[in-house]
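Working notes, structure below.
Remember, predicted model here, so these are calculated numbers, not experimental data. In what follows, chains carry the letters A, B, and so on, assigned in the order in which the sequence lines appear, proteins first and then strands, with residues in each chain numbered from 1.
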2 protein chains.
Amino acid sequence: MSQASPIAAAQVRDAAPLFAALGDETRLRLLVRLAASGPESITHLSAESTVSRQAIKKHLDVLSKAGLVRGDRRGREHIWELEPKRFADACEYLDRISRQWDDALDRLKHFVED
Amino acid sequence: MSQASPIAAAQVRDAAPLFAALGDETRLRLLVRLAASGPESITHLSAESTVSRQAIKKHLDVLSKAGLVRGDRRGREHIWELEPKRFADACEYLDRISRQWDDALDRLKHFVED
DNA sequence: GTCATAGGCAACCTCCTGGTTGCATCTTAC
DNA sequence: GTAAGATGCAACCAGGAGGTTGCCTATGAC
């Protein structure tokens, strides 16, 4: 009887780029790094990475477009920080799919029992 | 003082393919469809899609490798169903990054105040 | 003002990914 | 056993993604 609300097509179109942004090892490492150390500049971030500064910059752009990080120019540095709300968005989305699956199984069960 | 446990490199390597599997609109639609209707065959799933049956099959393989769905051969049909546990895994992962970010900001705040 | 440092832009390359078509295989219905 | 339905497999193709190098711009230190 949980009756999760249905998932609209527009939400799928919004969620796909979000998960796509999360679906790269280098980007995930960037997020983990940011989460552990707090706001950081591009140079600092790329110093601890195996790939070039430009690669890191591209990844940050992708993450930024997905709303997962936010960049802030301070003088000649560009400081990046996490945007925790988007993480919650993604979580909620997954949770809704899960609940709808549970509902579907419940319906199947009742259908069989009738 | 929440002190979220650190995120290991191995977990990043595990999580990236999981999110990558979620990061495609066609695949997300498949998951939403499965969640709404319960277990379904490939032919049924592709009937409601704009892309070919083979494309759907490939996507199901990707989702399966990521552990998000499970396929079961029944006679000449191949029935696919959701694997809700993986959704919870992804959620938990995102949650851990978020909490670590909160910790980092707390530490920064205390550092400034000292 | 000059120089080093931080960052952005653009061109380029390679490989993976999403998609297709064509054909083979396996089941079930009759 | 034969035909139709459901699926798997392989080859192929176009475009995008991740990465690199080279060069330009802007800012801060001195």
Side-chain angles (χ1 to χ4, degrees), chain A residues 9 12-34 37-82, chain B residues 9 12-34 37-82:
Chain A
V12 175
R13 275 192 297 276
D14 179 55
L18 176 56
F19 288 119
L22 290 166
D24 177 89
E25 210 179 310
T26 308
R27 280 198 290 272
L28 268 191
R29 265 199 291 263
L30 268 178
L31 292 174
V32 168
R33 170 74 153 78
L34 276 180
S37 63
E40 288 264 23
S41 76
I42 290 189
T43 310
H44 268 100
L45 289 171
S46 59
E48 300 213 354
S49 170
T50 58
V51 299
S52 69
R53 179 176 55 82
Q54 279 75 1
I56 298 292
K57 202 269 186 180
K58 279 193 190 178
H59 283 306
L60 286 170
D61 283 344
V62 172
L63 291 172
S64 170
K65 245 170 218 153
L68 287 162
V69 301
R70 194 160 47 88
D72 194 14
R73 194 72 191 252
R74 287 183 208 162
R76 66 176 161 179
E77 289 192 328
H78 203 154
I79 307 294
W80 296 81
E81 56 179 289
L82 244 59
Chain B
V12 176
R13 275 192 297 275
D14 179 55
L18 176 55
F19 288 120
L22 290 167
D24 176 89
E25 211 179 309
T26 308
R27 280 197 289 271
L28 268 191
R29 265 200 291 264
L30 268 178
L31 293 174
V32 168
R33 169 75 153 76
L34 274 180
S37 63
E40 288 262 25
S41 76
I42 290 188
T43 310
H44 269 102
L45 289 171
S46 60
E48 301 213 354
S49 171
T50 59
V51 300
S52 69
R53 179 175 55 83
Q54 278 76 0
I56 298 292
K57 202 269 186 179
K58 278 194 191 176
H59 283 306
L60 286 171
D61 282 345
V62 172
L63 291 171
S64 169
K65 247 171 215 151
L68 287 161
V69 301
R70 194 160 48 89
D72 192 15
R73 195 73 191 252
R74 287 183 207 161
R76 66 177 161 180
E77 288 191 328
H78 203 155
I79 307 294
W80 296 82
E81 56 180 290
L82 244 61

Starting at atom [atom1] of [X], determine the distance to atom [atom2] of [N], rounded to an integer number of angstrom.
X        : N       : atom1 : atom2 : answer
Arg73(B) : dG5(D)  : CZ    : C1'   : 12 Å
His78(B) : dG8(D)  : NE2   : C1'   : 10 Å
Phe19(A) : dT17(C) : CZ    : P     : 19 Å
His44(A) : dT5(C)  : NE2   : P     : 14 Å
Ile56(A) : dG18(D) : CD1   : C1'   : 11 Å
Ile79(B) : dT27(C) : CD1   : C1'   : 14 Å
Glu25(B) : dG19(C) : CD    : C1'   : 15 Å
Arg74(A) : dG28(D) : CZ    : C1'   : 17 Å

OP1 or OP2 of [N] under 4.0 Å from side-chain N/O of [X]:
X        : N       : value
Thr26(B) : dT17(C) : no
Ser52(A) : dT20(D) : yes
Ser41(B) : dG5(D)  : no

Are the charged groups of Lys57(A) and Asp61(A) less than 4.0 angstrom apart, N to O?
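A salt bridge links Lys57(A) with Asp61(A).
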Could you tell me whether Asp72(B) and Arg74(B) make a salt bridge, using a distance below 4.0 angstrom between a side-chain N and a carboxylate O?
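A salt bridge is present here (some side-chain N lies under 4.0 Å from a carboxylate O).
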Using a 3.5 Å distance criterion without hydrogens, assess whether the side chain of Arg27(A) forms a donor-acceptor pair with backbone atoms of Ala21(A).
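Present.
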Leu22(A) and Leu31(A), any side-chain heavy atoms less than 4.5 Å apart:
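Of all side-chain heavy-atom pairs linking Leu22(A) with Leu31(A), at least one is under 4.5 Å.
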4.5 Å side-chain heavy-atom contact, Leu30(A) and Val69(A):
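No. Closest side-chain heavy atoms not under 4.5 Å.
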Looking at dG22(C), does its base get a donor-acceptor pair with the side chain of Gln54(B) below 3.5 Å?
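Under the 3.5 Å cut-off, the side chain and the base do form a donor-acceptor pair.
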Can you work out whether Val62(B) or Lys57(A) has the more 5'-proximal nearest nucleotide on DNA chain C?
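Its nucleotide being nearer the 5' end, the pick is Lys57(A).
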Give one of base, sugar-phosphate or nothing for Lys58(A), where a contact means two heavy atoms less than 4.0 Å apart.
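Base contact - Lys58(A) has a heavy atom under 4.0 Å of at least one base atom.
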Between Arg27(A) and Arg76(A), which is nearer to the 5' end of DNA chain D once each is assigned its nearest nucleotide?
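Whichever sits nearer the 5' end wins; that is Arg27(A).
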Hey, which sits more toward the 5' end of DNA chain D by its nearest nucleotide, Asp24(A) or Glu77(B)?
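Per heavy-atom nearest nucleotide, the more 5' residue is Glu77(B).
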Looking at the side chain of Ile42(A), which of dT20(D), dG8(C), dT20(C) is the nearest nucleotide?
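Closest nucleotide among those given: dG8(C).
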